[in-house]
Amino acid sequence: PLRIAVLASGRGSNLQALIQARAAGALPVDFVLVGSDKADAGALRHAHEAGIATFFLDPKDFADRRAYDAALFERIAASGAELVVLAGFMRILDGAVLAPWVGRVINIHPSLLPRYRGLHTHRRALAAGDAEHGTSVHYVTSELDGGPVIAQARLAILPGDDEQTLAARVLALEHRLLPAVVALIAQRRLRHLAPDGVALDGHRLAAPLV
Ligand code: GAR
C-alpha cells in the first residue's frame, strides 16, 4: 500500500472520505500521519478515532512560513510518507521547502480550476452566473491552487442554488473525487501530463510516483 500523509486545517470530511474508502477496500493506502495547523481541527479527531498518528504544529511558534513549512515537511519525511494529500489545508506552501516534494503533494480545491483559486469559490461561481461548477484535484506548487490539474468533477448549477446548497453538492463530489485520485496514484495508474516529468505549467515534478 502507498504510504500517505494528510494535512488538514478544518472539519476533515475529505479525510473521513479517504478513511472510509480504505475501510471499504477501495483505497490501497496506509495512513502514516495526519497533521494540522489548527489544534481543534475536526480532521485530527477523525484521524485519532481511526487510530492514525496525528500532530499539530502551531504557526505562531515559528518565525516565518519557511521555518514552519520546513518543520512540517521534516515530520512528513520522518513518517515515510510517499504522497502528501492536502485535504482542506488552508496554507500556501513555501516554494523552497516544497521543491523536492513537487509531484508528491496533491490538493483538493472546490472549483473547476483554473477558475476561482482561493476562497469563496461557490459564491464567486454563483455571482458569475456560471452554468457549471465543481472540484479539482491538482499537484501542489507554491502558487496558490495553481499546480497542474489531475482530475475534476463537475455539476450543473441549478436555478434555486445558493452558496450553501452548492457547497453541499460540491462537497459530496469531493468525497468521491479525492479517494478516486488517490487510488489511481496508489495503483500507479496515473500518468503525468508530460512524459519527461515536466508538467504543463513548467514546474518540474521532482520525484514522480509513476
Ligand atoms: C474542501 O471543500 C476543500 O476543497 C477546501 O476546503 C474544504 C475542506 O473540507 N479546500 C480549499 O479550499 C483549498 N484551497 P473538509 O475539511 O470537510 O475536508
Side-chain angles (χ1 to χ4, degrees), residues 4-23 27 29 31 33-50 52 54-57 59 65 68-69 72 83-95 98 101-102 105-127 130 132-155 157 161-183 201:
I4 71 170
V6 178
L7 297 177
S9 302
R11 158 182 70 179
S13 71
N14 279 285
L15 169 64
Q16 191 67 346
L18 292 171
I19 291 171
Q20 283 169 3
R22 181 182 184 275
L27 191 58
V29 301
F31 296 96
L33 197 58
V34 170
S36 185
D37 59 327
K38 304 279 186 208
D40 60 352
L44 290 178
R45 192 164 33 79
H46 290 313
H48 187 72
E49 282 165 8
I52 303 166
T54 63
F55 72 97
F56 158 61
L57 267 191
R65 187 166 70 206
Y68 181 82
D69 291 353
L72 199 61
L83 176 75
V84 181
V85 179
L86 307 187
F89 189 62
M90 304 306 277
R91 293 175 56 88
I92 300 172
L93 293 171
D94 175 79
L98 190 62
W101 287 88
V102 171
V105 185
I106 64 172
N107 178 48
I108 184 153
H109 180 74
S111 78
L112 294 173
L113 291 172
R115 303 204 84 174
Y116 314 127
R117 296 172 179 179
L119 298 174
H120 309 305
T121 57
H122 312 304
R123 192 187 306 170
R124 288 153 69 199
L126 286 167
D130 290 354
E132 285 190 319
H133 186 43
T135 175
S136 307
V137 176
H138 65 94
Y139 287 112
V140 172
T141 65
S142 54
E143 203 183 331
L144 174 68
D145 302 321
V149 170
I150 299 168
Q152 298 182 315
R154 60 187 66 233
L155 49 68
I157 295 182
D161 266 330
D162 59 25
E163 209 177 331
Q164 282 69 38
T165 60
L166 197 52
R169 292 213 311 290
V170 171
L171 192 65
L173 277 187
E174 293 194 310
H175 295 163
R176 290 161 54 202
L177 183 67
L178 185 59
V181 170
V182 174
D201 64 354

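No hydrogens, no waters, no symmetry mates; every other heavy atom, side chains included, goes into these values. Atoms within each ligand, like the ligands themselves, are counted from 1 in listed order.
Under the 4.5 Å side-chain criterion, counting only non-hydrogen atoms from C-beta, E132 is not in contact with I157. A 4.5 Å side-chain heavy-atom check between V182 and L27 finds at least one atom pair inside the cut-off. L7 is not listed as a side-chain neighbour of V85, based on a closest heavy-atom distance of 4.5 Å or more.
Inclusion of N107 in the set of residues having an N or O under 3.5 Å from an N or O of ligand 1 is not warranted. On a distance-only criterion, G12 and ligand 1 share at least one N/O pair closer than 3.5 Å.
Residues satisfying the salt bridge (charged side-chain N to carboxylate O under 4.0 Å, His left out) test with D145, not counting sequence neighbours, are none. With sequence neighbours left out, R45 forms a side chain to side chain contact (heavy atoms under 4.5 Å, CB included) with E49.
Looking at atom 12 (O) of ligand 1, its nearest protein heavy atom turns out to be P110 CD, 3.3 Å. Taking atom 14 (N) of ligand 1 as the reference point, the nearest protein heavy-atom neighbour is H109 ND1, 3.1 Å. Here the protein heavy atom with the shortest distance to atom 15 (P) of ligand 1 is S13 N, 3.4 Å. Considering only non-hydrogen protein atoms, atom 10 (N) of ligand 1 sits nearest to I108 O, 3.5 Å.
With a 4.0 Å cut-off on non-hydrogen atoms, D145 touches ligand 1 through its side chain and not its backbone.
Below 4.0 Å from some heavy atom of G88 lie the following atoms of ligand 1, by number and element: 6 (O), 8 (C), 10 (N). Close contacts between ligand 1 and E174 involve ligand atoms 1 (C), 2 (O), 3 (C), 4 (O) [criterion: under 4.0 Å to a heavy atom]. Numbered from 1 in the order shown, with element, the atoms of ligand 1 that lie under 4.0 Å from a heavy atom of R11 read 9 (O), 15 (P), 16 (O), 17 (O).
At least one heavy atom of M90 lies less than 4.0 angstrom from ligand 1.
Figure legend: cation-pi geometry between R123 and Y116 absent, as NZ or CZ is not positioned both under 6.0 Å from the six-membered ring centre and within 45° of its axis.
Salt bridge R124/D130: absent, no basic N to carboxylate O contact under 4.0 Å.
Ring centroids of H109 and H138 are separated by 6.0 Å or more, keeping the two rings apart.
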